[in-house]
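Step one of this worksheet: look at the structure below.
Residue numbering restarts at 1 for every chain, and letters A, B, ... go by the order of the sequence lines.
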Amino acid sequence: MAERAEWQSMADPIVTVSELLAPAFAAVGGPGVDPVVRPSDRADAQANGALAIAKQLGQNPRQVAEAVLAIARDLLVGVCSDIEIAGPGFLNLTFTNEFLASQLAAAANDSHLGVRSTPLVEHIVVDYSHPNVAKEMHVGHLRTTVIGDAIVRMLTFVGHRVTKENHIGDWGTPFGMLIEHMLDLGETEAASELSVGDLAGFYKAARVKFEAGEAFGDRARQRVVLLQGGDAETLRLWGVLVAESTRYFNTVYATLGVLLTDADLAPESMYNPMLPDVVTRLRDVGLLRESDGAQVVFPAGYLNREGEPLPLIVQNSVGGYNYATTDLACVIDRVERLKVDRMVYVVGAPQAQHLAMVFAVSEMAGWLAPGVAVHVAFGNVLGADRKMLKSRSGESLKLNELLNEALERAEAAVVDKNPDLPAAERTAVAHAIGIGAVKYADLSTDRIKDYVFEWDRMLSFDGNTAPYLQYAHARICSIFRRAEVDRASVRNSVPVLATPQERALALRLLAFDTAVWDTIDRYSPHRLCTYLFDLAQDFTGFYEHCPVLKAADEATKQSRLALCDVTARVMEKGLDLLGISAPERM
RNA sequence: GCCCCUGUAGCUCAGCUGGACAGAGCACCGGACUUCUAAUCCGAUGGUCGCAGGUUCGAAUCCUGCCGGGGGCGCCA
């Protein structure tokens, strides 16, 4: 069950001011009125709440704003140097430098860099990646894995208890043919083929034999019966397939740098024993219907082509279960065994209706409270032709090959840009850049949209790319290498925000909190990406205009070192939340 | 046929659940390296926010209807 959080950071000035202003707005507009404080390009922030109040009360918005301001002035002493009413009734707020500097000093000494913890700790299961045993991982698995991983990192960072679940496809009729194919090849040969990652070849060969020969097909079907009957030798053979495949998946995860381990495996086979119970329980609550020989449930509001109620089939006409049954078992398991407060499904957009129906049936059956299950949907990865990304030969692109190409391209770029980098470091840097570029390209656009996969753009050091952000971080590290000061020591000094660039950077750094929470609230990693890009731009502006090591005086130097330190840490942590590493040199 | 997603600068994308004149980045053009990494920065050009209505003091954002693109719609997952 949800519980109170242990820590609570200093918040974004926007949030702080919002809380300070709340009583003033409440006095004029009534309790619970939102001041609606937002960043502004006219000032540091603007409060738009007066307009909503005026509308509700039928009053003049400027007069409402004046009434609010009369009370608010005293509340914001020391926080705002200037508050003025503008336009139809906005309150334009300008923060004092002292306030910003003290907030920044607090953030610098905070283990979470000013990001608030969750008020209530929830147990959240995140369901992502889910590759199929003895089947190649392709680009389709990239998004679920990368987005899911980022969401896990962020939920964990703000204090939630997170359970990762990798729902691998390790059960079903294809395993009859796969096991028979393995026997034909010989176990040793089959295992080595799978462990080097030729899953596509293995699967295809099995498929070809299955479709070609009746004898093989009969063997495969008999093998399925043995598998489902729990035959020991068949289960052992099946186990070899699963073990070799997961070993291969782990090499991909290692390259990708995601958090998934064998401990996170929640294979379909795990739910197999629970499937009859799902049907029984649906029958017990009176939801089960028979339709064309199948056992089904009709969730309200779903229609088929003919405009008739659309069923969720939980047992087909010959008594077999399907993925709907498994997904329902999964919901029950998460609610009753894991006792989760929330479940997040990072699954492609085409599954939207299926998941909605599974959730609807689960709610009708009383297993699931509304809003507990969330579908974090995402679009496709497209090629330059705006169609699903394919390999040169026209087949679906192996994820492994894609990642290897990223590493090669990044290595070439590093050699080109920084030939002096030692060879050992070069490989590590190329890995950070190459994988970072691929992940960032995936995370930096709104997940619901398709995006176009373009090597040249994602590996560019200009624009909204991982290398650009990593470079900003590396430059700061370079300053500290030359400065020969202890990074931690500068955290005691309160920065002086003398120039527009220093001020802009400080404001941006303090918005980290809001950026992280916006991202979490919508499960939209691209929001954090946008923030980090803005941060990198603000930093490079500062870097160009504000000499650090050659600052005019020692106090300024200390102040700027402090800004550099927080910037580097926010950038590193921000990238880390996206699953991207930040090299100290590149 | 019904349902879901989507349409913003030449290209790739943001736009903070209704706020001020729609923002970036590429590309193109013009500048800045004896300088803490020029893998960078500064500036200029560039948009009837798919179209038409509506709600509102105020709409890219909400509602309705069209048009274009993608996807889903009973025994695979």
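- A:Asn316 places a side-chain N or O within donor-acceptor distance of the main-chain N or O of A:Gly319, the cut-off being under 3.5 Å.
- Nucleic acid contact for A:Asp521: none, since no nucleic acid atom lies under 4.0 Å from a heavy atom of the residue.
- Straight-line distance between the C1' atoms of B:A38 and B:A32: roughly 9 Å, to the nearest whole Å.
- The separation of B:G58 from B:G72, taken at their P atoms, amounts to 42 Å, rounded to a whole angstrom.
- Looking at heavy-atom distances under 4.0 Å, A:Asn304 makes contact with a base.
- Between A:Tyr468 and the phosphate of B:C41, there is a side-chain N or O to OP1/OP2 separation shorter than 4.0 Å.
- Out of B:G74, B:A77, B:A14, the shortest distance to the side chain of A:Leu310 is found at B:G74.
- Considering only the side chain of A:Tyr543, B:A38 comes nearest among B:A38, B:A39, B:C16.
- Among the atoms of the strands shown, none is found under 4.0 Å from any heavy atom of A:Ala377.
- When each of B:G19, B:C75, B:A77 is scored by its nearest atom to the side-chain atoms of A:Asn322, the top-ranked nucleotide is B:A77.
- Contact between A:Phe480 and A:Cys564 at its shortest, heavy atoms only, is CE1-CB, 3.8 Å.
- The distance from atom NE2 of A:His545 to atom C1' of B:U40 is 12 Å, rounded to the nearest whole Å.
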N/O contacts under 3.5 Å, protein versus nucleotides 3-12 of chain B?
unit_1, atom_1, unit_2, atom_2, d
B:G7, OP1, A:Lys449, NZ, 3.2
B:U12, O2', A:Arg457, NH1, 2.7
B:U12, O2', A:Arg457, NH2, 3.4

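- Residue A:Thr540 is in sugar-phosphate contact alone, with no base atom involved, counting any heavy-atom pair closer than 4.0 Å across all strands shown.
- With a glycosidic angle no more than 90° from 0, B:C33 adopts the syn conformation.
- Shortest non-hydrogen contact noted between A:Asp292 and A:Ser317 is O-CB, 4.1 Å.
- At least one donor-acceptor pair closer than 3.5 Å links the side chain of A:Arg481 to the backbone N or O of A:Glu584.
- B:U17 and B:U61: their C1' atoms are spaced 8 Å apart (whole Å).
- Residue-to-nucleotide proximity on RNA chain B shows that, of A:Gly293 and A:Lys55, the 5′-proximal contact is made by A:Lys55.
- For the P atoms, the distance linking B:C42 with B:C33 amounts to 16 Å, nearest Å.
- Closest to the side chain of A:Lys550, from the set B:C75, B:C36, B:G19, is B:C36.
- The nearest whole Å value for the distance from the NE2 atom in A:His375 to the C1' atom in B:G71 is 12 Å.
- Closest non-hydrogen pair, A:Met586 versus A:Ile433, comes out as CE-CD1, 3.7 Å.
- A centroid separation of less than 6.0 Å is found between the aromatic rings of A:Phe359 and A:Tyr345.
- Each of A:Tyr128, A:Tyr271, A:Tyr323 was compared with A:His167 under the ring-ring contact (aromatic ring centres under 6.0 Å, His included) criterion, and only A:Tyr271 meets it.
- Which of B:A77, B:U40, B:G74 sits closest to the side chain of A:Tyr323 comes down to B:A77.
- Rounded to an integer number of Å, the gap from CG of A:Leu303 to P of B:C2 is 12 Å.
- No engagement by A:Gln470 is indicated, since no non-hydrogen atom pair under 4.0 Å with the nucleic acid exists.
- Out of B:C36, B:U17, B:C75, the shortest distance to the side chain of A:Arg38 is found at B:U17.
- Among the heavy atoms of the strands lying under 4.0 Å from A:Asn418 is at least one base atom, whether or not backbone atoms are also near.
- The shortest distance between the side-chain N/O atoms of A:Arg560 and the OP1/OP2 oxygens of B:C36 is not below 4.0 Å.
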- Nucleotide-level pairing of RNA chain B, given in dot-bracket where Watson-Crick and G-U pairs need both distances under 3.5 Å and | marks other strands: (((((((..((((.....[...))))..((((.......))))......(((((..]....))))))))))))....
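- Within the 4.0 angstrom heavy-atom criterion, no nucleotide atom of any strand lies near A:His354.
- A:Arg560 approaches A:Glu502 most closely through the heavy-atom pair NE-OE2, 3.0 Å.
- Contacts of A:Arg585 with the nucleic acid, taken as non-hydrogen atoms under 4.0 Å apart, include base atoms.
- At the heavy-atom level, A:Gln537 lies under 4.0 Å from the strands shown only through sugar-phosphate atoms.
- Counting non-hydrogen atoms under 4.0 angstrom, A:Ile476 reaches nothing in the nucleic acid.
- Within the 4.0 angstrom heavy-atom criterion, no nucleotide atom of any strand lies near A:Phe539.
- Across the P atoms, B:C63 and B:A22 are found 23 Å apart, a figure rounded to whole Å.
- Residue A:Glu544 contributes atom CD, which lies 11 Å from atom P of B:A39 at whole-angstrom precision.
- Residue contacts for A:Cys546: at a heavy-atom cut-off of 4.0 Å it reaches a base atom on one of the strands shown.
- In this structure, of B:U17, B:C36, B:G15, it is B:U17 that holds the atom nearest to the side chain of A:Arg522.
- B:U17 takes the syn form, because its glycosidic angle lies no more than 90° either side of 0.
- Straight-line distance between the P atoms of B:G10 and B:A77: roughly 47 Å, to the nearest whole Å.
- Heavy-atom minimum distance, A:Ala43 versus A:Asn92: CB-CB, 3.9 Å.
- In this structure, A:Arg475 satisfies the cation-pi test against A:Tyr543, with its NZ or CZ atom closer than 6.0 Å to the six-membered ring centre and inside 45 degrees of the ring normal.
- Across all strands, A:Val296 comes closer than 4.0 Å to base atoms (heavy-atom distances).
- Using atom C1' as the reference point in both B:C28 and B:C21, the two lie 26 Å apart (nearest Å).
- Mapping A:Leu421 and A:Asn132 onto RNA chain B via the closest heavy atom, the residue that lands nearer the 5' end is A:Leu421.
- Nucleic acid contact for A:Ser291: base, since at least one base atom lies under 4.0 Å from a heavy atom of the residue.
- If you check B:G19, B:A39, B:G71 against the side chain of A:Pro350, the one that comes closest is B:G71.
- When all heavy atoms of A:Met274 and A:Ala329 are compared, the pair lying nearest together is CB-CB, 4.2 Å.
- With respect to the salt-bridge test (charged N to carboxylate O, under 4.0 angstrom), the residues A:Asp565 and A:Arg569 qualify.
- For A:Arg527 and B:G15, the shortest distance from a side-chain N or O to OP1 or OP2 is below 4.0 Å.
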Donor-acceptor pairs under 3.5 Å, side chain of residues 532-542 of chain A to any protein atom, not counting sequence neighbours: which ones?
unit_1, atom_1, unit_2, atom_2, d
A:Asp538, OD2, A:Arg508, NE, 2.5
A:Asp538, OD2, A:Arg508, NH2, 3.2
A:Thr540, OG1, A:Tyr468, OH, 3.3
A:Thr540, OG1, A:Ala536, O, 3.1
A:Thr540, OG1, A:Gln537, O, 3.0

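- Of the C1' atoms belonging to B:U35 and B:U6, the separation is 48 Å, rounded to the nearest Å.
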